[in-house]
Number of protein chains: 2
Amino acid sequence: MNQPRPRIPEATVARLAVYLRVLTGLADGGRSSVSSGELASAAGVNPAGLRKDLSHLGPCGVRGVGYEVATLRDRIARVLGVERSRACVLVGIGNLGTALADYAGFGSRGFRFVGLFDAAPARVGQRIGGQPVRPIEELDEVVAGTAATIGVIATPAEVAQSVCDRLAAAGVRSILNFAPLALSAPAGVDVRQVDLSVELQVLAFLGQQRGVAAPTVEVLA
Amino acid sequence: MNQPRPRIPEATVARLAVYLRVLTGLADGGRSSVSSGELASAAGVNPAGLRKDLSHLGPCGVRGVGYEVATLRDRIARVLGVERSRACVLVGIGNLGTALADYAGFGSRGFRFVGLFDAAPARVGQRIGGQPVRPIEELDEVVAGTAATIGVIATPAEVAQSVCDRLAAAGVRSILNFAPLALSAPAGVDVRQVDLSVELQVLAFLGQQRGVAAPTVEVLA
DNA sequence: AGCCGCTTGTGAACGCAGGAACAAAGTCGC
DNA sequence: GCGACTTTGTTCCTGCGTTCACAAGCGGCT
């Protein structure tokens, strides 16, 4: 009918998810209103930037007062699509996969795992967070039966591409990849990469660049 | 001499880490040279952007031929500081912490955990990846004894800030935070945030946005 | 030796994100 | 009822990142 979302920049969407988390915490704490300054401080961003992010949702605050916590929370939740729970499948139940399956943060944010898959027969049948690990062969069946649109890959890098192909073929439209490998997916399938080693290396580089006075003496080779 | 690293943009550093991983794989596979196009494809980036990233290291390719795999790998490794192993401490040995402690990708990239810490007495004494879990009280001692400069927080959000304070007080200069909370650290301490739920929510939003845009008929003005 | 094709490295333009300052608007106090 | 203060929403501007396009350089072939 209208155009409530002309285009929301991706960086803004990421921050909106952070604001939503903070607002949920404030609401649980009994707070009824917040100012942009306080909210920005809790989210770790600039107040002006926060207001600009919120301006993409249309006016949702009261000048001179601030934002009503519950109202703003619900509006962000609606824009992000958190109001309805989303079915996800998780492939690769190793250490990381187990941690993701057990992570309570997903369930409280509108994501539920409807299928845990692994190729190793030893892992199939184990129960993680009340759910059984299924053989990878049942992937298509579960995706079709649950209309899951999001897949999470936590497998070793060697099989990540084939898992990606299977997910895409099964009808999954969005893939979150933890394997340290650039995946190639067909058009229409979004892939988002999370590389934990890269995060550490960036951190180490920044620290090294800044820490010239490090305890280790740098010797030119 | 002049300035070998005037300033390398943070986004470039993150990609350099990816190139390094790809190059290591190519070297292990016996490849001796690569073109920017092939390397960019394997890393999932634009060829021109890759060349610009590499230009921050000075000329390191041969025109008409490409890049020598081993040479480029070593040069990136030196710039990122991977040549010497870096000591890290990990606080919070829950599901995620266990996965991180066991993750082989860190060790092969120059990061070694010299201390695993948890506040729960039940977890103290367990061995993860050949290392014992220590009580949080020993944090200062271990950081001082190992000169660890990087700390990883994988605790619940409620205690993440106090852990951050302890790490900073112990002398840790760089912190990678997995708790869904914006940390405030003293000046001189770098904090990098990884929020898994945010990644999923961004992915869900993009998928939802496209799902809405697809069935809607676009009308030209 | 000279030419040709291929690939790198760099320069410029475009678009986007971030930050600061300003105007609008609503509420509280008098 | 009116003024002033507080806080939002917006606008401008600066800087960065990304992309495209071209010139420079090197190897191979004739």
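Naming convention: chains lettered A, B, ... in sequence-line order (proteins, then strands); numbering from 1 in each chain. These numbers come from the heavy atoms of this one structure, side chains and all, not from hydrogens, waters or symmetry mates.
DNA chain D is contacted by A:S35, A:S36, A:R51, A:K52, A:S55 of residues 27-55 of chain A, taking any non-hydrogen atom closer than 4.0 Å.
Mapping A:G64 and A:E10 onto DNA chain C by nearest heavy atom places A:E10 at the nucleotide closer to the 5' end. Mapping A:R63 and A:P9 onto DNA chain C via the closest heavy atom, the residue that lands nearer the 5' end is A:P9.
At least one side-chain nitrogen or oxygen of A:Y67 sits closer than 4.0 Å to the OP1 or OP2 atom of D:dG9.
The heavy-atom pair separating A:I150 from B:A204 by the smallest distance is CD1-CB, 3.9 Å. Contact record, A:A42 with B:A182: O-CB, 3.4 Å, taken as the closest heavy-atom pair. Here the closest heavy-atom approach between residue B:L90 and residue B:G97 is recorded as CD2-O, 3.4 Å. Nearest heavy atom pair, residue B:T149 against residue B:V172, reads O-CG1, 3.5 Å. The two atoms that bring B:Q201 and A:A17 nearest to each other are OE1-CB, 2.9 Å, heavy atoms only. Here the closest heavy-atom approach between residue A:R109 and residue B:S197 is recorded as NH1-CB, 3.4 Å.
Across the protein-nucleic acid pair, B:R15 atom CZ and D:dC16 atom P stand 15 Å apart, rounded to whole Å.
In this structure, B:L23 and B:L39 have side chains that are in contact, with non-hydrogen atoms separated by less than 4.5 Å.
Chain B approaches DNA chain C within less than 4.0 angstrom (heavy atoms of the protein), and the contacting nucleotides run 5' to 3' from C:dC6 to C:dA12.
Donor-acceptor pairing under 3.5 Å is lacking for the side chains of B:D190 and B:S174.
In the set D:dT18, D:dC26, D:dG9, D:dT18 carries the atom at the smallest distance from any side-chain atom of B:A11.
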